[in-house]
Amino acid sequence: MSRLERDFFARDTLVVARELLGQRLVRLIGGTRLSGYIVEVEAYIGEDDQASHAHPGRTARNATMYGPAGYAYVYLIYGMHHCLNIVTDREGYPAAILLRALEPVEGIAEMQTRRGHRPLTQLTSGPARLCQALAIDRHLDGADMCAPEAQLFVERGLPVPDECVATSPRIGVRGDERALTVPWRFYVRGNSYVSR
DNA sequence: GGATCGATCGGCT
DNA sequence: GCCGATCGATCCG
């Protein structure tokens with residue numbers, strides 16, 4: 001299984017977002033593997049993007065977004081949920097891809113334990129759900145997903161053909177007309193693990 | 001120091 | 001479909 005290297009992530013964010021579909025997110029917990037195919041993502045690009053955490057400019061919270069590609073940006077939302085992004089594009093330019101849903105592959109029983117034994121379709125279908133299933137929280141903010149010793153990384157999966165890729169506006173965002181309408185959500189058409 | 005609010009989820013009506 | 005949970009970052013004073 002080959003891991004995606006930094007040069008995969010250090011490209012245009014929309015290209016990376018599209019190509020992340022079908023790749024496999026892997027989390028190592030004490031040697032055991034929890035993983036799933038990425039089936040839904042959203043892109044957040046630049047300070048001009050009003051829906052992005054980088055819109056107010058560089059702060060302590062969003063600092064990871066300004067760093068090099070291939071790092072995890074993890075934040076706490078609504079005081080209780082975590083969301084995982086992967087930083088993209090060039091260092092100094094704030095851009096990242098929010099992982100919104102996975103199709104579970106490995107470690108399903110462990111994920112169910114972490115998710116209160118919910119049905120398979122609710123294990124990892126949502127940005128905070130997949131973080132809970134894979135034990136991802138703020139201590140992984142700033143983790144290098146391309147380091148050899150990484151406990152969280154992406155492996156090459158199955159290519160998703162263009163006819164199976166759909167786009168839409170992003171979910172749950174605030175901002176101007178552009179932020180609300182730009183089609184920067186990418187998902188696998190018909191996949192039952194896509195959120196909502 | 002204090003008020004505000006969020007890239008969500010799950011339970012309830 | 002609606003609403004409450006829960007807390008840290010951010011902003012204002």
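Note on naming: letters A, B, ... go to the chains in the order of the sequence lines (proteins, then strands), and numbering restarts at 1 for each one.
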Length of the line joining A/His82:NE2 and C/dC7:C1', which is rounded to integer Å: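 Atom NE2 in A/His82 sits about 10 Å away from atom C1' in C/dC7.
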A/Leu25 side chain reached by A/Leu152 side chain, heavy atoms, under 4.5 Å: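 Answer yes - side chains close enough.
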Flag side-chain contact, heavy atom, 4.5 Å: A/Leu158 against A/Tyr37: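 Yes, close enough: below the 4.5 Å cut-off.
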Could you check whether any side-chain N or O of [X] sits under 3.5 Å from a backbone N or O of [Y], counting only pairs where one atom can act as donor and the other as acceptor?
X	Y	result
A/Thr64	A/Tyr73	no
A/Arg185	A/Ile171	no
A/Arg6	A/Ala69	yes

Sugar-phosphate only, base, or nothing, as touched by A/Arg138 at under 4.0 Å among non-hydrogen atoms: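 The answer is sugar-phosphate, as A/Arg138 gets under 4.0 Å only of primed atoms, P, OP1 or OP2.
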A/Tyr44 and A/His53 aromatic centres sub-6.0 Å: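 Here the rings of A/His53 and A/Tyr44 have centres that are no less than 6.0 Å from each other.
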Letter per nucleotide, 5' to 3', of nucleotides 6-13 of chain B [B base touched, S only sugar-phosphate touched, - untouched; heavy atoms, 4.0 Å]: BBBSSS--
Same-atom distance (P) from B/dC5 to C/dG13, integer angstrom: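 Here B/dC5 and C/dG13 have their P atoms 14 Å from each other.
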Base partner of B/dC9, which must satisfy Watson-Crick or wobble distances under 3.5 Å: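 When the pairing criteria are applied, C/dG4 turns out to be the nucleotide that pairs with B/dC9.
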